[in-house]
Structure formats: C-alpha cells, structure tokens
Amino acid sequence: MPLTSTSNKTRIFIIEEQALFGKALCQLLAAEPTFEVLGDLPRVDPSAPPRVAADLVVLDLNGPSIDYADEIARCRQAFGKARVCVLSTQLRPEIMQRCVAAGADAYLAKDVSPSELIRAVKTVAGGESYVDPRIAGSLLRKRLLSDGRMSSDELSEREGEVVRLIAQGLSNKEIGVRLCLSEKTVKNHVSRILSKLNISARAQAVVYAIRMGLV
Amino acid sequence: MVRTYVVEPQQIFVPSLLALLQESGCSIVRVQDALDPLDVMRSRPQMLFFDCDVVDDATTRALQFVVDSMPELDLCLYSRTPPAELQMQPSTRLLYLEKSSSHETLLGALGSFTVAV
C-alpha cells in the first residue's frame with residue numbers, strides 16, 4: 001500500500017472487508033485515467049489511520065447489526081475531509097438515509113455495474129452527491145404514497161418506541177422513566193418525530209401510530 | 001474440471017471470482033446475477049456457487065428447491081456470515097466460504113473441495 005500520493009488525480013482509498021471484492025475494486029478504479037488508488041484496508045481503524053491524503057473513500061458498510069452513523073464517523077475521523085462513497089448490500093431507503101444523514105456523499109448497492117460505479121465516484125469527486133437510482137426511486141415512491149409524510153421505518157428505533165408510548169397515553173416524563181431517558185431527551189425525540197412526520201401535535205402522532213399499526 | 005454454475009450479483013467482482021474458480025479447478029457453465037432454478041437444472045452443473053448476502057425469502061425457497069431437485073449438486077455458499085441464517089436444509093455437499101478470507105484461503109478451500117467432486 002503506497003503511503004503518499006504523487007499526482008493530481010482523484011486519490012481514492014478503499015475500505016472493503018471482502019478481500020477479493022476489495023482487490024476487484026482497486027483494479028477497476030485504478031484503470032480509470034483520472035483516478036489514483038492509494039490502497040485498501042478491510043476496515044477503518046481511527047487509532048491507526050492510513051497515512052494517505054485521500055480525496056475520496058469507498059466505504060463498504062454491511063450487516064444488520066452495524067451502526068452506520070458510527071462507521072461513517074470513524075471513516076471521517078480517519079480520513080479528514082475526504083468524500084465518502086458508501087457501498088452496501090442493503091437496498092433499503094432508510095439505511096441510505098441514515099448514511100447520508102451521517103455524512104456519506106454517495107450510497108450505492110454492491111451489485112452496481114462497473115460503469116455506474118465510476119460515474120458515481122466521478123460525480124462525488126466533483127463535489128456532488130449520488131444515490132443509487134433504484135433506492136432513490138423507491139424512496140420517492142414511498143414518499144408519494146405516504147402523501148409527503150415519512151413512513152414508520154424512517155423513524156429511528158428509539159423514535160418508534162417513543163411514538164408507541166405516546167399512543168399509550170404516556171407523558172414525556174413517564175416515557176423517560178420507561179426508556180431510562182431524561183425528560184429533556186424525550187422532548188427532543190418528540191420534536192424530531194413531529195418534524196419527520198410533518199405533524200404538529202401529539203394527538204396526530206397517536207393517529208399516525210394507530211394507522212401504521214405501531215400500537 | 002468441475003462444471004460450475006455461478007450466481008453472483010456483484011458485477012464488479014465477477015471477473016476476479018471467475019479467475020479464482022478456474023484456478024481452483026472449475027469450468028464455468030453459466031454466470032447469472034440471480035438464481036433461476038430452471039436454468040440451473042437445464043445447465044446440469046456439478047457445483048453451484050452462490051453469493052448469499054443479498055437474499056430474500058423467495059431466493060431462499062428457490063435455492064432449497066434447487067438443492068432438493070438436484071441431490072447430486074455440490075453447493076458452495078459465499079457469504080459474510082455463516083449460512084445458518086439462510087434457514088435451508090442442504091442435502092448436498094456444502095462448502096462455506098467466508099467473504100473476508102484471503103485469495104489464498106479461498107483458493108485452498110475451493111481446491112480441496114473440487115478435488116473431491
């Protein structure tokens with residue numbers, strides 16, 4: 001793995017746990033004249049970051065149990081201002097939203113074609129964002145179907161719990177006791193829920209919870 | 001050479017994978033990005049290489065159908081996590097390859113497996 005860059009090309013570093021896939025990514029991107037692949041690692045280790053000045057990191061994120069926001073934060077910590085292009089086997093729009101909210105500049109499914117990956121990396125390197133069209137399309141359809149309101153799976157797990165407890169008639173203080181949170185934290189959750197659902201009152205959240213089968 | 005049918009949705013990875021399989025003693029009869037049970041049966045492979053990280057219930061049922069229909073078929077599952085999550089009952093000989101494994105490890109495991117086919 002080289003430790004320094006010697007050109008003005010887009011300098012790319014690859015984080016990919018799947019060893020052979022990582023090598024395939026290196027080969028594909030290195031063949032593009034405007035890219036320079038600096039190296040690859042199976043995972044991000046902020047305590048021992050690679051000594052490279054990458055412009056862009058291709059970050060493999062997978063698995064049901066990982067904290068996407070945390071992994072992206074670790075990547076940002078290790079690579080500074082490099083733009084982050086997430087590759088994932090997850091096609092769920094809510095996962096994409098979580099990654100973008102955490103600072104990812106692009107989100108692509110791992111079955112992306114080589115030409116689309118190169119197009120996405122060029123787009124992101126140019127300062128824009130990129131989301132796999134299949135996922136963006138799915139999200140758009142969900143939004144249209146829900147009349148501009150977000151669906152329950154776009155609330156975080158904690159927000160879903162809070163909605164359920166609101167629907168059971170609990171006050172913020174009682175919800176805090178139930179979830180071992182401060183009343184202020186619960187209040188913040190409620191504000192975010194109202195904002196995400198584009199509603200203004202707890203009563204509407206109750207209606208929403210019933211409609212979505214959360215209670 | 002072991003006649004191998006490959007199901008691999010990650011297009012970027014296919015050339016590297018085919019090179020690995022051929023180096024391990026496989027001849028490739030077909031490469032598909034999704035599992036089509038009838039096409040597998042028509043192709044009459046000795047081994048099915050299956051990337052099972054992007055799998056829904058329908059695919060699991062399709063894979064079970066293939067396994068049940070072709071008891072002589074050897075199965076090579078390529079995954080990030082153990083195949084228990086697939087919740088299927090392989091009646092065939094099964095090789096599990098972990099995605100984080102190095103090229104050498106994969107080559108060794110595949111080589112040993114295909115020698116016995």
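In what follows, every chain begins at residue 1, and chains take the letters A, B, ... in the order their sequences are listed. Please read these numbers as outputs of a predicted model, since none were measured by experiment.
At a threshold of 4.0 Å, the pair Asp51(B)-Lys110(A) does not count as salt-bridged, since none of the basic side-chain nitrogens sits closer than that to a carboxylate oxygen.
Outside the 6.0 Å centre-distance limit, the rings of Phe21(A) and Tyr78(B) are not counted as a close aromatic pair.
Between the side chain of Asp105(A) and the main chain of Val84(A), a donor-acceptor pair closer than 3.5 Å is present.
Shown here for Ala125(A) and Leu56(A), the closest heavy-atom pair between the two residues is N-CD1, 3.9 Å.
For Pro114(A), the parts sitting under 4.5 Å from any heavy atom of chain B are the backbone and the side chain alike. Contact of Ser102(B) with chain A is made through the backbone alone, with heavy-atom distances under 4.5 Å. Both the backbone and the side chain of Leu20(A) come within less than 4.5 Å of a heavy atom in chain B.
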